[in-house]
Amino acid sequence: MNETNTEDFIREIIRSDVEKGLSEVVTRFPPEPNGYLHIGHATSICLNFGIAKEIEYAKCNLRFDDTNPVKETTEFIESIKKDIQWLGFEWGDTEFYASNYFQQLYSHAITLIKLKKAYVDSQTQNEIRENRGTLTEPGKNSPYRNRSIDENIDLLERMKKGEYEEGAHVLRAKIDMGSPNMNMRDPVMYRIIKTQHHQTGEDWSIYPMYDFAHGLSDSIEKVTHSLCTMEYVDHRPLYDWFINELNVFPSRQIEFGKVLMSHTILSKRNLLKLVEMKYVDGWDDPRMPTISGMRRLGFTSDSIKDFCRRVGITKRENVVDIALLEHCVREDLNKKAERRMAVINPLKVTIENYPQDQTEYLIAQNNPQDESFGTREIPFSKELYIEKEDFMENPSKKFKRLSIGEEVRLRYAYFIKCKEVIKDELTGEPVELICTYDPKTKGGSAPDNRKPKGTIHWVSSKHSIQSEVRLYDRLCSDPNPDISDDSNLENVLNPHSLEIKKNAQLEPSLKESDSTIKYQFERLGYFCLDNKSSNSNTLVFNRTVSLRDSWSKANKGG
RNA sequence: UGCCCGGUGGUGUAGUGGUAGCACAAAGGACUUUGACUCCUUCGACCCAGGUUCGAAUCCUGGCCGGGCAGCCA
């Protein structure tokens with residue numbers, strides 16, 4: 001987080017503009033409220049709002065690109081605002097909407113008609129498509145292309161008033177049906193949509209298309225640098241065309257490469273499908289790569305911003321390894337997380353030589369690397385739970401945990417030795433371990449300075465809280481999920497992206513928790529309370545990310 | 001076979017005519033009351049071919065490869 005940003009090509013352009021005398025820098029973040037923000041948007045947010053923070057006379061507007069009421073809702077507006085704030089960015093006291101400019105945009109359209117640069121086309125949608133030509137063949141002019149100015153204005157006004165059905169007419173820019181750039185083949189500026197708009201209600205029956213609305217909204221807001229992704233490069237000539245024909249403030253569009261990530265899906269269309277088909281539990285499902293999902297998973301905003309910084313801004317297309325994101329959270333959480341002990345696959349341990357009804361409280365550090373976190377007390381008693389995986393009857397040489405006759409340290413408590421394994425008669429699985437402890441090793445160190453091979457975590461069974469722990473894993477098992485075929489969506493999902501542990505046993509201090517507090521359950525990973533799923537009976541904790549685990553990794557090979 | 005954008009280790013990124021650096025990942029080791037953290041080491045790259053130049057990842061030309069564009073979506 002502390003390293004300075006190397007200057008990317010966009011900041012370089014802006015700096016050079018400032019050096020040439022540009023006195024105000026204005027960027028904008030322009031989401032369409034038709035879905036939740038995801039990790040890909042975070043890059044753009046960090047870029048646009050980041051520039052505004054770095055430069056003295058710079059600001060970044062939040063502008064909802066709400067030109068298609070059919071797909072947009074206020075739920076999405078609210079989630080977007082919340083996510084930007086949570087990431088730590090501000091847009092000042094005004095929140096802008098493209099719909100604020102519908103009247104000005106309409107006037108601009110009238111102006112273009114008067115300049116003979118726009119016309120009402122009454123071809124059917126099919127005819128328009130057919131006459132657009134193809135990638136290799138030019139299009140054909142519409143038969144309506146040379147309507148008179150008066151007729152065009154009359155038609156447009158009546159479209160606006162709602163006198164025609166959807167699809168009856170559109171307003172088009174009159175540019176060049178033979179252009180090798182498809183965007184310049186008389187692009188549609190307005191279409192008739194008779195849907196209530198979340199901001200303007202029923203004021204309008206026509207809505208502006210992206211290319212017409214976006215650049216001119218930038219211009220109205222005096223946006224100096226309009227930053228967008230590479231798929232808009234081909235739209236830039238059109239962006240400039242509207243500004244030039246109308247002779248308005250010259251905003252400049254600059255494109256950068258979109259960020260994709262391995263093991264996940266980032267297109268809004270597919271994320272929407274995951275939600276609608278109930279493959280996940282809503283837009284904020286902790287498996288979703290949405291900002292809301294990641295927040296619920298337990299991510300910090302700092303780790304997301306650090307990720308964006310490390311990924312950087314270029315014109316290349318890129319697929320970032322999700323391991324980098326995981327590294328960023330681990331690094332941040334390692335500093336910020338309170339350590340706790342929790343057992344997610346409990347195995348009962350009875351300490352034979354410990355007094356029956358005794359409870360003693362042992363001191364544990366809340367963060368061994370940072371004394372300011374302080375300490376807490378953990379109850380210890382005769383019956384404990386340890387992790388099933390921490391016991392092996394016939395261990396390999398490298399196994400550093402509990403086995404018969406071997407001594408292991410219970411973290412912050414005592415050294416114990418296992419005497420006997422009680423097994424389930426049917427399955428042969430260990431169900432209880434009979435152990436002894438060494439009273440002289442309280443706190444975890446021995447007077448003779450002997451060192452056990454390993455240290456394991458535990459909880460006192462009488463004092464522990466039973467809770468639900470959700471172990472989340474990557475959304476897709478394949479690094480580059482192929483969703484080119486829509487029907488394949490289900491197949492690319494990782495069937496083990498969620499494992500629910502209903503019988504987790506937590507140390508009692510976890511009773512008072514809050515989703516803003518980050519925890520490390522020692523030796524397991526980073527966890528965070530799920531406010532949405534927890535209730536007065538059961539606490540639910542989500543695993544944000546596991547700890548790095550060189551043991552299981554090394555063990556897999558042989 | 002139109003127009004546009006891009007090709008630096010496995011991944012992301014730096015480099016702006018002068019010895020190709022950093023991070024993540026991977027492998028090994030040290031340390032360890034978390035098989036974590038930290039530290040050390042190792043592995044590993046300029047798409048290709050010409051040209052310009054004393055010198056090219058960088059400039060030019062031509063290929064090759066990847067991506068985007070034919071919504072009344074954004």
Side-chain angles (χ1 to χ4, degrees), chain A residues 3 6-8 12 30-32 34 65 67-68 70-71 121 124-125 128-130 132-139 166-172 179-185 187-193 206-207 209-211 213-214 228-237 255 257-259 262 268-269 307 310-328 330-331 334-335 339 341 364-365 368-369 398-401 409-413 415 443-445 451-457 479 520-525 546-555:
Chain A
E3 297 127 82
T6 58
E7 191 176 65
D8 55 69
E12 220 169 86
E32 186 192 13
N34 68 344
D65 225 336
T67 55
N68 185 358
V70 176
K71 294 184 172 180
D121 194 351
T124 65
Q125 203 167 148
I128 289 180
R129 185 177 351 105
E130 280 162 17
R132 184 152 31 224
T134 68
L135 295 176
T136 50
E137 302 158 34
E166 292 187 7
H169 310 281
V170 290
L171 183 73
R172 291 230 252 172
S179 172
N181 182 342
M182 299 297 291
N183 297 117
M184 300 301 270
R185 321 244 261 227
V188 173
M189 294 165 59
Y190 273 103
R191 76 288 213 195
I192 298 167
I193 298 178
I206 54 172
Y207 290 91
M209 297 284 289
Y210 169 85
D211 285 303
H214 194 94
C228 62
T229 46
M230 292 300 289
E231 66 262 36
Y232 293 101
V233 171
D234 287 346
H235 295 245
R236 190 178 349 119
E255 312 84 9
K258 169 182 281 181
V259 171
S262 71
K268 265 196 201 174
R269 205 173 58 85
F307 172 77
R310 288 175 189 247
V311 167
I313 299 288
T314 66
K315 296 175 86 147
R316 284 170 231 155
E317 60 199 48
N318 52 44
V319 182
V320 181
D321 192 339
I322 199 170
L324 180 62
L325 216 213
E326 293 169 347
H327 167 82
C328 292
R330 287 193 184 106
E331 187 176 78
N334 181 46
K335 287 182 299 204
R339 309 292 123 125
M341 289 205 281
Q365 288 174 281
Q369 277 150 59
K398 286 183 179 169
F399 190 75
K400 302 203 298 190
R401 312 175 188 178
R409 171 163 43 225
L410 295 180
R411 181 143 232 238
Y412 297 123
F415 294 0
S445 49
K451 308 264 183 204
K453 273 206 303 193
T455 302
I456 64 174
H457 61 277
Q520 182 195 100
F521 291 174
E522 294 215 25
R523 303 209 305 134
L524 296 177
S546 65
L547 253 29
R548 282 187 62 196
D549 186 359
S550 51
W551 165 247
S552 70
K553 207 180 276 174
N555 249 22

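Every chain is numbered from 1, with letters handed out A, B, ... down the list of sequences.
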Taking N and O atoms by type only, does the side chain of Asp321(A) place a donor or acceptor under 3.5 Å from a partner on the base of rG12(B)?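 No, the side chain and the base share no sub-3.5 Å donor-acceptor pair.
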
Quick check: any donor-acceptor pair below 3.5 Å linking the side-chain of Gln520(A) to the base of rU34(B)?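 Under the 3.5 Å cut-off, the side chain and the base do form a donor-acceptor pair.
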
Detail all sub-3.5 Å separations between protein N/O atoms and N/O atoms belonging to nucleotides 63-66 of chain B.
| unit_1 | atom_1 | unit_2 | atom_2 | d |
| --- | --- | --- | --- | --- |
| rG66(B) | O2' | Glu317(A) | OE2 | 3.1 |

Below 4.0 angstrom from OP1 or OP2 of [N], is there any side-chain N or O of [X]?
| X | N | value |
| --- | --- | --- |
| His457(A) | rU34(B) | no |
| Thr136(A) | rC3(B) | no |
| Arg330(A) | rC37(B) | no |
| Thr67(A) | rA74(B) | yes |
| Arg191(A) | rC73(B) | yes |
| Arg185(A) | rC69(B) | no |

Report the residues that fulfil side-chain hydrogen bond (donor to acceptor under 3.5 Å, both in side chains) with Arg191(A), sequence neighbours left out, ordered by chain and then residue number.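 Residues passing side-chain hydrogen bond (donor to acceptor under 3.5 Å, both in side chains) with Arg191(A): none at all.
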
Which residues pass the ring-ring contact (aromatic ring centres under 6.0 Å, His included) test with Phe399(A), not counting sequence neighbours?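 For Phe399(A) there are no ring-ring contact (aromatic ring centres under 6.0 Å, His included) partners, ignoring immediate neighbours.
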
Tell me whether Tyr210(A) and rA74(B) count as stacked here, given that the ring centres must be under 5.5 Å apart and the planes must differ by less than 30 degrees.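 Not stacked by the 5.5 Å and 30° rule.
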
Restricting both atoms to N or O, compile the protein contacts to nucleotides 7-9 of chain B shorter than 3.5 Å, with distance only.
| unit_1 | atom_1 | unit_2 | atom_2 | d |
| --- | --- | --- | --- | --- |
| rU8(B) | O4 | Arg316(A) | NH2 | 3.4 |

Nucleotide nearest Ala323(A) (side chain, heavy atoms from C-beta), chosen from rA25(B), rA70(B), rA36(B): rA25(B)

Between rU34(B), rC73(B), rG68(B), which nucleotide has the shortest distance from any of its atoms to the side chain of Pro368(A)?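 My answer, after comparing the listed nucleotides, is rU34(B).
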
How would you label the contact of Arg129(A) with the nucleic acid (heavy atoms, under 4.0 Å): base, sugar-phosphate, or nothing?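 Since only primed, P, OP1 and OP2 atoms lie under 4.0 Å of Arg129(A), the category is sugar-phosphate.
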
For atom P, what is the distance between rU11(B) and rA25(B), given to the nearest Å?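 Those two atoms are separated by 16 Å.
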
Between rC46(B) and rC65(B), how far is it from one C1' atom to the other, in whole Å?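 Straight-line distance between the two C1' atoms is 15 Å.
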
Check for a donor-acceptor pair, side chain of Asp234(A) on one end and backbone N or O of Asn181(A) on the other, with a separation under 3.5 Å.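 Here the side-chain-to-backbone pair does not exist.
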
Contacts of type salt bridge (Lys or Arg N to Asp or Glu O under 4.0 Å), residue Arg132(A), not counting sequence neighbours: none

Does the side chain of Lys258(A) reach to within under 4.5 Å of the side chain of Met230(A), using non-hydrogen atoms?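 Side chain of Lys258(A) against side chain of Met230(A), heavy atoms only: no contact under 4.5 Å found.
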
Stems where RNA chain B pairs, listed by first number, each of three or more Watson-Crick or G-U pairs under 3.5 Å: B:2-7 with B:64-69, B:10-13 with B:21-24, B:26-30 with B:38-42, B:47-51 with B:59-63

Quick one: Gln369(A) CD to rU38(B) P, roughly how many Å, whole number? 8 Å

